[in-house]
Number of protein chains: 2
Amino acid sequence: MLNEFDLFKDFLRQQNLRWTPQRKMILEVFLSFEGHVEIESLKNKIRLHQPDLGIATLYRTLKLLTDCGLVEAHSFQNGKKTYERMFHVRHHDHLICTCCGETIEFEHPLIEKYQLQICEQYGFTLKNHKMELFGICRNCLK
Amino acid sequence: MLNEFDLFKDFLRQQNLRWTPQRKMILEVFLSFEGHVEIESLKNKIRLHQPDLGIATLYRTLKLLTDCGLVEAHSFQNGKKTYERMFHVRHHDHLICTCCGETIEFEHPLIEKYQLQICEQYGFTLKNHKMELFGICRNCLK
DNA sequence: TCTATATTGATAACCGTTATCAATTTAAAA
DNA sequence: TTTTAAATTGATAACGGTTATCAATATAGA
């Protein structure tokens with residue numbers, strides 16, 4: 001069964017790059033998180049085991065993981081990036097109630113299909129998407 | 001007919017802030033752009049008329065425009081923010097290149113239709129939505 | 001084991017954005 | 001109109017996340 005470690009190793013071999021203890025540790029710790037992870041969190045957790053890991057190595061490895069498609073980087077207003085696992089996770093969209101904050105996850109295959117259509121039209125290679133529907137849930141309407 | 005200038009003026013008055021020539025000029029030039037605008041572009045265009053506008057004033061004014069809802073700020077991988085007009089614009093979704101930050105606006109009526117369908121299914125009253133497709137644009141693939 | 005080359009950690013540099021501050025402008029009151 | 005308290009401005013230093021540099025070290029194939 002294909003897993004992240006094998007994928008990363010293959011990617012490295014393909015590019016004549018090397019499998020190192022640091023890279024292994026970083027991937028391991030990254031996978032122990034869920035959702036969007038900040039460099040800061042990764043650094044702290046990794047340094048429990050490997051106190052002298054350089055911050056540059058961490059950034060470099062996240063870049064590699066992003067390049068090989070296992071991870072996706074996002075940028076936010078605060079200037080920090082977050083990193084999100086992209087393998088072995090199901091994608092879903094969100095319904096968000098702007099009144100109480102309740103969120104519901106859903107999927108719609110036809111919407112996904114039309115998204116691909118649009119990307120083709122503009123020459124985009126679709127990597128990911130985010131759809132959020134904002135509204136009022138039935139409880140808040142009462 | 002309500003326009004951006006009046007809205008901004010009202011917002012300023014409400015907060016005991018002042019309507020200044022710089023703020024007027026910045027809003028004016030901002031509205032002359034379409035889509036996602038970078039600080040750099042704004043600065044260059046404004047300085048044609050007002051060569052000594054301070055960069056801090058530009059950032060501060062964009063912050064105010066964002067606070068009052070006329071503008072929305074976005075962050076991209078290259079570390080730069082872009083600013084997008086949020087008033088008197090037809091709703092559209094975004095194709096976003098995670099590599100260079102290029103964005104393309106699009107609409108797809110069928111996607112909108114299925115969004116409504118999903119909302120009905122969950123008893124949601126749809127108010128607004130945000131769909132962002134992240135990918136690599138054709139230039140970055142080269 | 002040897003050797004070419006990738007990797008690492010430390011740290012300086014980068015760069016977009018923000019904070020600071022003295023001089024100036026605004027707008028409401030006198 | 002003049003006065004005045006407070007907001008604003010421009011210049012620039014500071015900030016902070018990320019990247020580049022470089023000498024020392026580790027890796028993996030010969």
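Residue numbers begin at 1 in each chain, while the letters A, B, ... track the order of the sequences.
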Interatomic distance where CD1 belongs to A:I26 and P belongs to C:dT7 [whole Å]:
12 Å

Do B:M25 and B:L53 come within less than 4.5 Å of each other through their side chains, counting heavy atoms only?
no

Over all heavy atoms of both residues, which pair between A:E38 and A:N78 is shortest? Give the atoms and the distance, please.
OE2-ND2, 4.4 Å

Atom-to-atom span, CG of B:N16 to C1' of C:dA27 - whole angstrom
11 Å

Nearest to the side chain of B:K81, which nucleotide is it out of D:dA11, C:dT17, D:dT19?
C:dT17

D:dT19 OP1/OP2 closer than 4.0 Å to side-chain N/O of A:Y59:
no

CG of A:L12 versus C1' of C:dA6: gap in Å, rounded?
11 Å

d(CG, B:L53; P, D:dA11) in whole Å:
9 Å

Regarding B:N78, tell me which of base, sugar-phosphate or nothing describes its non-hydrogen contacts under 4.0 Å with the strands shown.
nothing

Could you list, one pair per line, each protein nitrogen or oxygen that sits under 3.5 Å from a nitrogen or oxygen of nucleotides 22-30 of chain D, together with the distance?
unit_1 : atom_1 : unit_2 : atom_2 : d
D:dT27 : O2     : A:R18  : NH1    : 2.7

Take atom CZ of A:F11 and atom C1' of C:dA6, then tell me their distance rounded to the nearest Å.
14 Å

Side chain to side chain contact (heavy atoms under 4.5 Å, CB included) between B:T57 and B:I26, worked out:
CA-CA 9 Å; B:T57 300; B:I26 289 169; 4.2 Å; yes

Counting the atoms with a prime plus P, OP1 and OP2 as sugar-phosphate, which does B:D52 contact under 4.0 Å by heavy atoms, base, sugar-phosphate, or nothing?
sugar-phosphate

Over how many whole Å does the gap from B:E38 atom CD to C:dT17 atom P extend?
8 Å

Measure the distance from CE on A:M25 to P on C:dT8 and round it to the nearest whole Å.
13 Å

Main chain of A:R18, side chain of A:R23: is a donor-acceptor contact present, judged purely on distance under 3.5 Å?
yes

Working note: B:H94 + B:E84, criterion side chain to side chain contact (heavy atoms under 4.5 Å, CB included); need CA distance, chi angles, decisive distance, verdict.
CA-CA 12 Å; B:H94 289 128; B:E84 185 186 10; 3.1 Å; yes

Starting at NZ of A:K63 and ending at P of C:dT7, how long is that distance when rounded to a whole Å?
13 Å

With a cut-off of under 6.0 Å to the ring centre and 45° to the axis, is A:K45 in cation-pi contact with A:F33?
yes

Closest to side chain of B:T57, choosing from D:dT9, C:dT18, D:dG17
D:dT9

So NZ of A:K24 and CD of A:Q50: to nearest 0.5 Å the spacing works out to 10.5 Å

Closer to the 5' end of DNA chain C via nearest nucleotide, is it A:A56 or A:R23?
A:R23

